[in-house]
Participant: 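Dumping the structure here so I can ask a few things about it.
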Amino acid sequence: MPRGAWRLAYAAILVGSVVAPGSIAPTPVAADIPVQQNVAAPRDVPTSATVTIDPGSRAYTPANITIAQGGTLTVYNRDSARHSVTSDDKDANGAPLFSQIVNPGDPPTTIANISNLAPGTYNFHCAFHAMRGTLTISGSGGGVQPTPQSFDQPLVIPKVLNTATIKIPIKQAAVRVLPTGPLTTMWTYGGTYPGPTIRRPAGKDTKVTFVNKLPTKTNVSVHFHGDHHGWTKDGQPTRFLIAQGKSLTYDYPLRDGGKPERASFQWYHDHRMGVTTRNNWRGLQGMFIVTDGQASKLGLPGGRYDVPLMVSERSFDSNNQLVAVPPHSMNLKGPVAPPNDGTIGDHVLVNGRYAPYLNVATHKYRLRLLNTSPFTTYDFALSDGHPFVQIGTGNGLLPKSVVRQDILLGPAQRVDVIVDFRGEQGSNVVLQSIPRANPPKNGAGSPAVQIMQFRVTSSVSDSSQLPATLQAPPAMTIPKKLSAVWAVGVHTGSTGSAWTLDGKMFDPKRVVLKVPRGATQLWELRNPTNVTHYIHIHEEQWRTVLRDGNTPPKWERGLEDTWRLDPGERVRVVAKFTDYLGVFMIHCHMLDHEDDGLMAQFAVVNPKTGALPSGYRYDPSGGPAARARTANNSTATANFVAASSTAQPRATSVTGGLTDVNSWMCGPPTDVTDVPKRASAL
Ligand code: C2O
Ligand code: CU
């Protein structure tokens with residue numbers, strides 16, 4: 001039974017027992033149904049209650065609340081961060097049964113739609129943090145009940161473009177997103193959302209011309225996320241823009257160091273300064289698959305059994321139109337200023353459709369999952385309890401397949417998984433997000449939501465393979481010393497606040513790090529703030545050397561370009577800078593954070609001249625190289641760096657390294673000076 005239906009049935013049992021206690025036969029009850037526990041005569045329970053979010057608690061107090069039917073629930077946010085009380089269950093329109101955002105400083109606020117609810121137990125969560133609670137409505141009347149999730153429209157696989165030259169108009173279009181009612185006006189690549197999937201063989205020159213036909217006088221910039229190409233074709237936020245009525249051809253050689261790139265699952269999206277959240281929200285997102293012979297050599301499921309799934313959430317008004325995103329800048333005040341910025345949606349779309357279904361066969365499927373939501377993390381799981389077998393990241397195959405019961409995926413992250421529907425003829429399997437288990441303090445949570453349904457409708461034989469050993473990542477020599485340490489911070493001034501990545505406000509003319517072309521560098525990414533971030537590095541594909549001082553988990557042993565950094569985390573990554581000179585970005589891929597300043601620029605330079613392209617200023621002071629020097633000078637770091645190795649890097653034993661490795665797990669590291677008081681007070 002679907003989760004929602006089970007809950008309804010349970011509510012019915014409760015109601016029945018209150019109305020006519022004697023009418024329920026004393027048959028044995030399944031052990032997991034807590035009969036009577038939540039049943040109380042309305043006179044015994046309060047008609048109102050308050051849930052409080054205490055300063056720094058990142059929790060609801062109390063977390064479990066019971067009120068009488070028709071009563072009210074008030075939320076009081078005493079914390080300095082923005083929170084919400086949002087029901088897991090949905091109404092008939094697919095929106096949460098109740099959802100109240102509470103900003104710091106708000107007075108106690110009555111949550112709408114609570115007094116109409118039918119008796120039952122309602123789980124709720126914060127849309128911004130890993131916080132959960134339950135509301136039990138006690139009573140015997142009717143009232144609004146959750147609508148079980150239905151899957152009313154077929155999944156659409158975006159059109160595939162596979163030629164060497166491709167032309168894609170960027171235009172406004174009315175597209176089908178919600179199953180009924182008016183079409184939704186979006187900004188699109190080629191008239192659809194997502195845009196067409198570009199699928200090209202590695203090593204083959206690909207030229208994509210984007211033509212800006214948007215109805216508004218606005219410049220756009222297209223970034224091919226995860227790929228290696230020239231800097232003028234990288235979708236820079238303030239340069240090489242496409243003005244309204246103009247076009248730009250982006251060259252993607254799909255080669256690295258003269259050799260074909262590895263097969264990968266990438267994507268392309270708008271990257272315009274300050275409006276990246278808006279432009280992506282409006283629909284400027286598409287998938288890009290690079291192929292090589294490896295998958296068919298291994299016998300992996302292909303063709304119709306290889307399905308790319310772009311998961312992205314949006315909110316709609318009563319006319320099915322997108323609601324506007326909050327304002328962004330590096331000078332924001334008020335409830336959506338950093339560190340409280342985050343654009344959330346209440347409908348999760350897959351390939352642009354809300355709650356779709358896909359008819360599948362009794363066969364193994366290769367699912368490529370991509371999260372393009374602006375802010376939200378999902379913890380993907382299957383309703384039949386079967387695991388995913390992860391075979392790759394966005395940037396290619398893993399060395400070995402990894403069995404995973406659930407997969408946490410933040411903005412811009414991708415996984416390549418095998419799901420096996422053999423033996424499931426006739427059943428429906430739901431791809432869902434489950435609440436993140438044991439979230440770290442202040443870390444991102446994930447919603448409980450049913451996302452799409454697989455209907456196993458046909459029976460076929462399956463000759464595809466799922467080898468345990470897949471493809472070793474490229475060998476890299478790990479340098480003994482760090483070349484850069486990037487640390488997230490918040491800059492708060494009298495006129496507003498911004499995120500920072502190199503200790504200063506982002507300036508598109510400033511370069512803070514020079515990397516000699518040809519170098520292999522070890523970088524450290526640090527998150528000393530009380531918010532999870534997803535740091536993305538343009539241009540190269542990286543191997544993860546250490547996560548929090550340890551060998552990274554098995555699924556982080558391929559190539560990566562975007563890492564989750566929960567509060568207090570540090571990740572060390574290594575890459576070789578090949579082919580292209582020029583200026584590239586490193587930034588948080590939570591789009592609000594990016595628009596609100598969480599970006600910085602490095603330049604790949606000629607090792608002899610060190611020259612920057614014109615229009616840029618080199619200002620390394622106090623930046624990533626200086627932090628790296630500080631880190632390299634501590635004994636901790638010397639022990640912390642693995643010796644050069646072509647195998648999966650391992651952390652060497654950390655003896656004198658405890659200060660460096662462990663102390664920051666409980667608070668900001670001492671050698672990061674730009675952690676503002678406000679961030680530590682979150
Ligand atoms: Cu997908 Cu700089 O971004
Ligand atoms: Cu961020």
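Just so it is clear, the model here is predicted, and its values are computed rather than measured. Remember, it's 1-based here, ligands and their atoms both numbered in the order they're listed.
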Participant: In terms of relative ring orientation, are Tyr252 and Phe288 parallel, tilted or perpendicular, with 30° and 60° separating the classes?
Facilitator: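 Perpendicular, since the angle between the ring planes exceeds 60°.
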
Participant: Counting no waters, how many protein N/O/S atoms sit under 2.8 Å from atom 2 (Cu) of ligand 1?
Facilitator: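 Protein heteroatoms (N, O, S) closer than 2.8 Å to atom 2 (Cu) of ligand 1 number 3.
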
Participant: Describe, in one word, how the ring planes of His538 and His223 are oriented to each other, choosing from parallel (under 30°), tilted (30 to 60°) and perpendicular (over 60°).
Facilitator: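 His538 vs His223 ring planes: parallel.
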
Participant: Taking atom types as modelled and ignoring hydrogens, do the side chains of His347 and Ser315 form a donor-acceptor contact shorter than 3.5 angstrom?
Facilitator: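 No, no side-chain donor-acceptor pair sits under 3.5 Å.
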
Participant: CZ of Phe240 to CG of Leu248: how many Å apart, nearest 0.5 Å?
Facilitator: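 Going from CZ on Phe240 over to CG on Leu248, the span is 9.5 Å.
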
Participant: Mind checking whether His593 and Trp499 have parallel, tilted or perpendicular rings, split at 30° and 60°?
Facilitator: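 Ring orientation, 0 to 90° scale: tilted.
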
Participant: Does the side chain of Trp563 reach to within under 4.5 Å of the side chain of Ile537, using non-hydrogen atoms?
Facilitator: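 Sidechains of Ile537 and Trp563: in contact.
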
Participant: Pairing donors with acceptors under 3.5 angstrom, does anything connect the side chains of Thr393 and Glu560?
Facilitator: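 Glu560 and Thr393 do not have a side-chain donor-acceptor pair below 3.5 Å.
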
Participant: Output yes when Arg547 and Glu556 qualify as a salt bridge under the 4.0 Å nitrogen-oxygen rule, no when they do not.
Facilitator: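 Salt bridge: yes.
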
Participant: For Ser329 and Asn331, test the side chains for any donor-to-acceptor distance below 3.5 angstrom and give the result as yes or no.
Facilitator: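 No - no donor-acceptor pair under 3.5 Å links their side chains.
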
Participant: Using a cut-off of 2.8 Å, how many protein N, O or S atoms sit around the Cu ion (ligand 2)?
Facilitator: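 Under the 2.8 Å cut-off, the count stands at 3.
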
